[in-house]
Amino acid sequence: EEYKEVMKVSNNHPIFDGIEFGVGLDSKSAITQKVKKDFKASLKNGLRKGERNFINYKMDSPIMTRGRDLKFKYEEEKVIIHWVNKIKFEVITGRKDKDYEELIHILHKIVNKEYKVSQSSIQLDKKLILNLTFEMPTRQVEYVEGRTLGVDLGIKVPAVASVSDRSFIHEEFGSIDDFLKTRNQFEARKRILDKGVTNCRGGKGRKKKTQALNRLRNKERNWVKTYNHQLSRRIVNFAVSNKCQYINIEKLTKGGFNNRLLRKWSYYELQEMIICKAERAGIEVRFINPAYTS
């Protein structure tokens, strides 16, 4: 019954009392919709059984903004974002790394309204950063009727994939040794910084050490996220190249692996990334009992 009450959260909820929201923003609506969506996903993934914890939100979380409030336009060969209250931002794409061409392509599609901008967020961290979310049209891919790619998520090898009607076609993705080596380096640096914060009584010294610790945590989180992006992309590309109609993946719970390993690796995030990329490729992802994925 208490869970049902959460799904009734509205803009008039007392939790919003005393909070000033930006003029012209649909912040309250965006927050309530996100909470409901996250909560519904948590229920689906084992919250009722105690297999998943409640999601926590930080007070300094980025400002959520509706997609309709972000209008992308070309102005003098620059991409300009028109936001609320006649506020405008120029898009700075950063260094020209391997993702630069893809980013320019995406921005062009958004300006031409081929891609639809969804609920996004804006955060201030020395720079003004737009966490952009958008909808891409699903690609129509050629597949063999009923052919399925079974994906095992493991410990020694992060992911192993095998084609259902051609068991000799299989591939391993990632290496736990490489992953844990880098992750343990982050952990060692965090322990040193955390000890420095604990031993520092206050003042500017403590503030600098705390900021350094937070930067390291963000850097670690971004590294894990990038690693999962790479794994999920390779898995979905493997399914596309082998003309699979479905991807079968085990539904993991906290009982599936020991807690220490789960802290080091976000398997749930990897699952979500596989789902997202598979949908864009026109492949359906199905969750099945872990006992029958091998």
Side-chain angles (χ1 to χ4, degrees), residues 11 15-16 18-38 55-138 207-208 210-230 232-233 269 272-273 276-277 279-280:
N11 295 356
I15 199 170
F16 293 126
I19 299 176
E20 292 185 21
F21 290 93
V23 178
L25 286 173
D26 294 326
S27 298
K28 285 187 180 181
S29 298
I31 290 169
T32 53
Q33 287 186 18
K34 178 172 175 56
V35 169
K36 289 179 182 179
K37 183 179 178 181
D38 290 348
I55 295 174
N56 294 316
Y57 302 94
K58 297 180 179 179
M59 288 296 292
D60 59 351
S61 292
I63 301 169
M64 282 183 277
T65 180
R66 293 283 181 87
R68 66 190 182 201
D69 291 332
L70 295 166
K71 296 177 176 61
F72 289 70
K73 298 180 181 180
Y74 282 127
E75 294 182 11
E76 298 180 357
E77 298 184 354
K78 297 178 181 178
V79 179
I80 304 296
I81 301 173
H82 292 252
W83 199 36
V84 297
N85 299 328
K86 298 182 179 181
I87 297 171
K88 296 197 294 185
F89 302 114
E90 178 186 344
V91 175
I92 306 297
T93 53
R95 65 185 188 277
K96 294 187 177 181
D97 54 17
K98 61 182 179 180
D99 296 323
Y100 176 77
E101 294 297 333
E102 181 183 4
L103 177 57
I104 295 299
H105 173 75
I106 289 170
L107 289 171
H108 179 73
K109 294 283 187 181
I110 290 174
V111 171
N112 291 332
K113 295 183 170 50
E114 295 177 56
Y115 292 169
K116 181 182 177 183
V117 179
S118 307
Q119 180 173 292
S120 302
S121 63
I122 296 175
Q123 67 184 90
L124 183 62
D125 183 15
K126 293 188 177 179
K127 300 176 182 177
L128 198 61
I129 301 171
L130 172 64
N131 303 309
L132 178 64
T133 306
F134 58 93
E135 296 177 15
M136 298 172 64
T138 302
K207 184 178 180 181
K208 286 184 178 179
T210 303
Q211 289 175 341
L213 181 60
N214 289 335
R215 283 197 299 270
L216 183 62
R217 284 171 177 162
N218 290 333
K219 188 175 180 180
E220 180 186 26
R221 184 72 205 93
N222 291 334
W223 182 81
V224 175
K225 192 172 184 178
T226 300
Y227 197 92
N228 278 335
H229 266 304
Q230 293 171 348
S232 58
R233 186 180 295 114
E269 180 181 70
E272 292 299 300
M273 288 182 177
C276 181
K277 290 177 175 62
E279 285 179 350
R280 290 193 301 194

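Throughout, residue positions are numbered sequentially from 1 according to the sequence presented.
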Side-chain polar contacts of residues 113-122 - donor-acceptor pairs under 3.5 angstrom, sequence neighbours left out - could you list them?
{"unit_1": "E114", "atom_1": "OE1", "unit_2": "K109", "atom_2": "NZ", "d": "2.9"}
{"unit_1": "S118", "atom_1": "OG", "unit_2": "E135", "atom_2": "OE2", "d": "3.4"}
{"unit_1": "S120", "atom_1": "OG", "unit_2": "S118", "atom_2": "O", "d": "3.0"}
{"unit_1": "S120", "atom_1": "OG", "unit_2": "T133", "atom_2": "N", "d": "3.0"}
{"unit_1": "S121", "atom_1": "OG", "unit_2": "N131", "atom_2": "ND2", "d": "3.0"}

Could you tell me the separation between the [atom1] atom of [X] and the [atom2] atom of [Y], rounded to the nearest 0.5 Å?
X	Y	atom1	atom2	value
I87	F89	CD1	CZ	5.5 Å
M273	H229	CE	NE2	3.5 Å
I80	K73	CD1	NZ	11.0 Å
I81	T65	CD1	OG1	10.0 Å

* Mark yes when over 12 heavy atoms from residues, nucleotides or ligands other than K71 sit less than 6.0 Å from its NZ; otherwise mark no. => yes

* Should we count CD1 of I15 as having more than 12 external heavy atoms under 6.0 Å? -> no

* What pairs with E77 under side-chain hydrogen bond (donor to acceptor under 3.5 Å, both in side chains), at least two apart in sequence or on another chain? -> none

* Asked: Any side-chain heavy atom of I110 within less than 4.5 Å of one from L70?
  ->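 Counting from C-beta outward, I110 and L70 never come under 4.5 Å.
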
* **Sub-4.5 Å side-chain heavy-atom contact between L132 and F72** => yes

May I have the list of side-chain donor-acceptor pairs in residues 20-34 shorter than 3.5 Å, sequence neighbours left out?
{"unit_1": "D26", "atom_1": "OD2", "unit_2": "R68", "atom_2": "NH2", "d": "2.9"}
{"unit_1": "S29", "atom_1": "OG", "unit_2": "N11", "atom_2": "ND2", "d": "3.1"}
{"unit_1": "T32", "atom_1": "OG1", "unit_2": "K28", "atom_2": "O", "d": "3.1"}
{"unit_1": "T32", "atom_1": "OG1", "unit_2": "S29", "atom_2": "O", "d": "2.9"}
{"unit_1": "K34", "atom_1": "NZ", "unit_2": "D38", "atom_2": "OD2", "d": "3.3"}

* To do: Using the side-chain contact (heavy atoms from CB on, under 4.5 Å) rule, take E90 and E75 through it: C-alpha gap first, then chi angles, then the decisive distance, then the call.
  => CA-CA 9 Å; E90 178 186 344; E75 294 182 11; over 6 Å; no

